[in-house]
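First the proteins, then the strands, lettered A, B, ... as listed; each starts at 1.
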Amino acid sequence: MNEIPRPYNPKETEDKWYKFWEENNFFSAKPKPDKKPFCIVIPPPNVTGILHMGHALNNTIQDILIRYHRMKGEEALWMPGTDHAGIATQNVVEKFIAREGLKRQDLGRDKFIERVWKWKEEYGSTIIRQLKKIGSSCDWQRLRFTMDEEYSGAVKEVFVRLYEKGLIYQGNYIINWCPRCQTALSDEEAPHREIQGSLYYLRYPLKEAEGHVVVATTRPETMLGDTAVAVNPKDKRYKNLVGKTLILPLINRRIKIIADEMVDMKFGTGAVKVTPAHDPNDYALGKKHKLEFVNVMHPDARMNENALDYRDMDRFEAREVILEDLKEKGLLEKIEPHTLSAGHCYRCHTLVEPYLSKQWFVKMKPLAKPAIEAVKKGKIKFYPKRWTKVYLGWMENIQDWCISRQIWWGHRIPVYYCRECRDEIIVSRDKPEKCPRCGAPDIFQDEDVLDTWFSSWLWPFATFYWPKENQDLKYFYPTSTLVTAPEIIFFWVARMIMAGMEFMENIPFKDVYIHGTVRDVEGKKMSKSLGNIIDPLEIINEYGADALRFSLISITSQGQDVYLAKERFEQGRNFANKIWNASRFVLTNLDPKQAAVDLCVYFKKEDLDIINRWILSRFYSVLKEVNKNLDNYKFNEAVNLLYSFFWHEFCDWYLEIIKPDIKDQKNQVVMYKVLEKFLRVLHPFMPFLSEEIWQKMQATEPQSHRATSIMVNNWPHIQEQIIDKKLEKEAEGIFGIITQIRNLRISIAIKPDQLVKVSCFTHTKAKERLVKENSAIIKNLGKLEDLDFLAKSKRPDATISAISDDVDLYLHFTGLLDTALEQEKIKEKMLSLQKAIRAKSAQLANSNFLERAPKEIVDKEKESKKQLEDELKRLSKMADELR
RNA sequence: GGGCAUUUAGCUCAGUUGGUUAGAGCGCUACACUCACAUUGUAGAGGCCAGAGGUUCAAGUCCUCUAAUGCCCACCA
């Protein structure tokens with residue numbers, strides 16, 4: 001095995017094994033009645049997506065779960081796919097054709113859509129390739145796209161069903177309008193961000209009298225569309241003015257002063273301009289008071305013909321000019337700085353305009369009800385729990401969902417109109433040949449497309465070709481776990497639950513695991529514009545995919561955000577390298593004939609020495625914890641356990657101890673078995689490295705025993721009878737002695753390779769036997785020429801001392817003993833012991849403690865106090881003997 | 001305005017249902033490269049667990065309040 005290179009080189013293994021797994025179809029899952037299904041649907045990345053750290057974390061977690069359950073013998077399906085991402089993709093392709101000097105309008109709708117498909121064929125699988133790079137074991141033969149023909153069928157089906165149920169309606173409402181994308185957005189797509197603006201105080205002159213009313217606004221350009229001024233009926237300042245008429249400046253429209261409870265007397269002047277076509281509150285006022293609705297903007301946020309002189313100016317330009325004009329007329333009273341929060345397009349970050357337009361909506365309250373129930377009854381559980389409240393809070397205040405978008409790329413709304421009957425709406429899965437009403441053949445389809453999320457909310461069942469009944473859907477639905485980030489709880493998670501309850505009459509998944517957001521070291525979100533991105537592919541290139549996965553997972557405690565610096569990946573790389581080299585050591589020293597025996601059958605527990613029993617016990621203890629942590633989505637704890645077990649127990653102690661006796665058959669068998677089982681447990685976390693080593697180990701097995709791949713092997717069973725906590729403690733007692741000896745050596749600067757002599761005194765018979773039985777180990781790792789056992793507790797001449805539990809240690813040395821220093825060392829130790837003893841004495845003197853604490857705790861405390869006192873006594877004796 | 005989260009070693013963070021003298025990684029100090037691994041080993045230093053009250057025999061852990069930071073939600077013209 002000398003040909004195994006020294007540092008682990010992930011580049012030589014990763015692609016090789018990924019190809020091997022794919023070619024062997026290890027990722028594919030099919031309904032198997034005798035097996036338990038385990039299914040995750042991937043949060044479909046945008047087709048335009050490029051893998052970032054958030055994806056890397058999200059998909060590593062899913063892959064760990066899938067590989068774990070697959071090895072546990074479940075039929076594990078990870079359903080992959082991509083999202084057509086309407087606005088995002090349209091934007092990307094528009095930029096793409098702009099290089100040819102083209103606009104989408106130049107091409108026309110059909111040609112443009114063709115270009116998007118072409119773009120998708122060419123570049124749309126980038127993210128898929130990248131997911132493979134990190135090791136994702138998705139069933140790629142099932143790869144879905146939200147615009148697949150069958151999937152589109154499901155979307156239409158859902159629209160029609162909801163319409164027929166009366167849950168979809170069309171109407172004129174104020175919606176969030178992105179002037180750049182020129183489409184309506186849902187409330188979720190227009191997140192509020194704080195902006196530094198101003199509050200402008202405008203004077204509106206009274207018509208019939210002298211004077212004016214002052215209104216405050218943050219968007220003065222909308223005044224052109226004002227059709228009233230409102231005050232609170234309780235407001236004494238304006239009591240006499242209600243019902244009077246004002247002249248709207250610049251436009252000279254006559255507008256009434258109305259009274260409404262909605263007006264906050266304390267804000268601004270207590271008088272508010274009412275612009276029903278440009279503000280949701282004003283819209284409500286407009287409806288209530290039957291006001292005129294005057295739209296003053298084009299869809300691109302330039303002013304329209306209703307803005308008279310300001311026509312065709314951009315909204316912000318118009319604002320400046322209007323303010324100038326008002327100032328000139330003496331109608332601008334003052335300007336105050338004012339911070340406000342306003343919606344921004346989640347795709348292009350443009351300030352969104354509240355805009356009156358005709359859109360399609362879904363009535364959400366009826367859909368929300370069963371979805372709320374499902375979570376309240378615990379059928380769906382959030383991890384961490386706190387997201388339950390966030391979910392319920394949103395669901396209980398749910399607003400209707402604006403689902404129409406004025407873009408080209410997406411699912412065209414399955415609504416048709418007859419040119420003859422004009423406004424008659426025909427909702428149909430397929431285009432009707434003629435108008436069902438008047439029989440005219442001239443039918444045209446609604447121009448709008450559906451919100452992207454109107455297709456993604458069907459993901460857990462539409463990927464199984466719903467509404468077609470089929471075995472896959474029956475077997476894998478409801479899916480097991482959804483793994484996602486908090487940002488899309490409302491967008492996606494909540495809506496999937498509603499869709500599942502509505503169309504499948506069942507929950508879409510049982511668990512929702514919400515992981516944190518990946519941020520940079522300063523806590524900022526990683527983004528291209530901030531230039532603080534750590535590219536996962538660069539990390540893979542530099543450190544390897546396993547290192548990427550390990551490091552990401554090890555710092556992701558449940559649901560907390562991840563603050564990431566590039567250096568973190570060194571830990572993963574170093575760990576991979578450690579495993580690699582330890583395995584190299586095991587394999588180069590392995591005698592396959594000796595190792596290839598069944599541990600349980602061949603050896604009784606009593607046949608093994610304490611060190612072998614210790615490492616086996618530790619392995620199964622760790623396995624037990626890892627299982628528990630994985631079942632509770634505590635990935636970091638699982639992976640950190642594996643790290644410290646392998647590095648600090650298996651390598652630092654076990655391998656070092658057996659090294660001199662490595663050809664002994666018992667050592668051979670145990671080191672081989674522990675490594676092999678460890679690799680299996682490691683596999684979900686570090687799939688490539690574990691496969692690479694495991695395959696090398698397989699090569700040493702007799703042909704008949706060989707298996708094809710670690711990834712389709714079994715998850716190790718816990719051998720409860722091997723776990724022995726008392727034995728673990730005993731073994732660790734020996735390590736403690738060795739550590740103390742090493743400590744003594746260093747304290748007087750003895751060269752690492754110089755042999756020394758140690759005398760010890762053991763305070764119990766059991767300990768004496770233990771130390772005697774393992775004196776070879778102590779001598780070897782402590783670099784001793786001799787370890788002798790004192791008959792009496794007495795410091796030999798020319799020694800320095802230390803205590804390890806109930807063993808007193810004396811290291812012999814030549815030269816002059818620095819008694820003062822030695823005294824000092826002992827004194828310090830004694831002081832800290834005295835402090836601890838005082839605390840214990842106080843506790844044990846407390847009658848409340850003795851009465852109320854459980855007996856085992858009291859006993860433990862007594863025992864511990866006794867031990868401390870013993871140690872103190874021994875130290876004090878050691879100190880005396882120095883004099 | 002409402003809600004959630006965070007505050008533990010120089011830095012980044014673990015710490016499961018309260019129970020011995022609070023842990024890890026990185027960084028730091030000293031020593032060590034023929035003998036699996038310097039992407040390493042051995043040993044070590046480093047903590048009033050944000051602050052103030054409270055519950056309890058016992059609090060980093062539970063409760064209340066305060067402060068700082070971050071995030072989410074809301075129709076503050």
Given atom [atom1] of [X] and atom [atom2] of [N], what is their separation to the nearest angstrom?
X	N	atom1	atom2	answer
A/Ile514	B/C71	CD1	C1'	14 Å
A/Ile657	B/G41	CD1	P	16 Å
A/Arg584	B/C37	CZ	P	6 Å
A/Glu567	B/C28	CD	P	13 Å
A/Phe267	B/G1	CZ	C1'	14 Å
A/Asn397	B/A74	CG	C1'	9 Å
A/Ile662	B/C35	CD1	C1'	12 Å
A/Tyr543	B/C26	OH	P	13 Å

Exercise. Sorted by first residue and then second, give each side-chain hydrogen bond (donor to acceptor under 3.5 Å, both in side chains) pair with at least one member in residues 743-756 of chain A; sequence neighbours left out.
Key: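 Not a single pair qualifies under side-chain hydrogen bond (donor to acceptor under 3.5 Å, both in side chains).
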Quiz item: In the 5'-to-3' direction, what one-character label does each nucleotide of nucleotides 16-25 of chain B receive under the scheme B = base within less than 4.0 Å of a protein heavy atom, S = sugar-phosphate only, - = no such atom?
Solution: ---BBB---S
Quiz item: Would you call A/Glu692 and A/Lys696 a salt bridge, using N to O less than 4.0 angstrom?
Solution: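 A salt bridge is present here (some side-chain N lies under 4.0 Å from a carboxylate O).
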Quick one: which residue pairs count as a salt bridge (Lys or Arg N to Asp or Glu O under 4.0 Å) with a foot in [range], not counting sequence neighbours?
range	answer
residues 274-286 of chain A	A/Arg219-A/Asp279
residues 383-402 of chain A	A/Lys376-A/Glu396
residues 830-844 of chain A	A/Lys840-A/Glu861
residues 640-662 of chain A	A/Arg618-A/Glu649, A/Glu656-A/Lys659

Practice problem: Indicate, with a heavy-atom threshold strictly under 4.0 Å, whether A/Asp652 touches base, sugar-phosphate, or nothing. | Solution: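 Here A/Asp652 touches the backbone only, sparing every base.
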Quiz item: Is A/Val215 touching bases, backbone alone, or none of the nucleic acid, heavy atoms closer than 4.0 Å?
Solution: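 Since no nucleic acid heavy atom lies under 4.0 Å of A/Val215, the category is nothing.
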Taking [M] as the reference, what is the distance to [N] when you measure between their [atom1] atoms (whole Å, please)?
N	M	atom1	value
B/C26	B/A14	C1'	14 Å
B/A5	B/C62	P	11 Å
B/A45	B/C37	P	30 Å
B/G3	B/U66	P	12 Å
B/G41	B/C33	C1'	10 Å

Quiz item: Does any residue of residues 738-756 of chain A have a heavy atom under 4.0 Å from RNA chain B, and if so, which ones, in number order?
Solution: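 Correct list: A/Thr739, A/Arg742, A/Asn743, A/Ile746, A/Pro752.
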Self-check item: Residue closer to the 5' end of RNA chain B, A/Thr217 versus A/Glu656 (nearest nucleotide)
Solution: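 Here A/Glu656 is the residue nearer the 5' end.
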Practice problem: On RNA chain B, check which nucleotide each of A/Pro280 and A/Asn636 is closest to and give me the residue with the more 5' one. | Solution: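 So the residue in question is A/Asn636.
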Ring centres under 6.0 Å, that's the criterion: do [X] and [Y] meet it?
X	Y	answer
A/Phe575	A/Tyr8	no
A/Phe650	A/Phe678	no
A/Phe550	A/Phe569	no

Mind checking side-chain hydrogen bond (donor to acceptor under 3.5 Å, both in side chains) for [X] and listing every partner two or more places apart, or none if nothing turns up?
X	result
A/Tyr201	A/Glu336
A/Arg742	none
A/His338	none

Quiz item: Under a cut-off of 3.5 Å for both distances of each Watson-Crick or G-U pair, what dot-bracket string does RNA chain B give, using [ ] for crossing pairs and | for inter-strand pairs?
Solution: (((((((..((((.....[...)))).(((((.......))))).....(((((..]....))))))))))))....
Practice problem: Enter the distance from A/Leu744:CG to A/Ser804:OG here, rounded to the nearest 0.5 Å. | Solution: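 Result: 10.5 Å between the selected atoms.
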Self-check item: Atom pair CG/CD1 of A/Asp187 and A/Ile175 - distance to nearest 0.5 Å
Solution: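 Here the rounded value is 10.0 Å.
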Exercise. Examine the side chains of A/Thr275 and A/Lys273 and answer whether a donor and an acceptor come within less than 3.5 Å of each other.
Key: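 On atom types as modelled, these side chains qualify, holding a pair under 3.5 Å.
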Can you pull every protein N or O that's under 3.5 Å from an N or O on nucleotides 3-5 of chain B?
| residue | atom | partner | partner atom | Å |
| --- | --- | --- | --- | --- |
| B/G3 | O3' | A/Lys389 | NZ | 3.4 |
| B/C4 | OP1 | A/Lys389 | NZ | 2.9 |

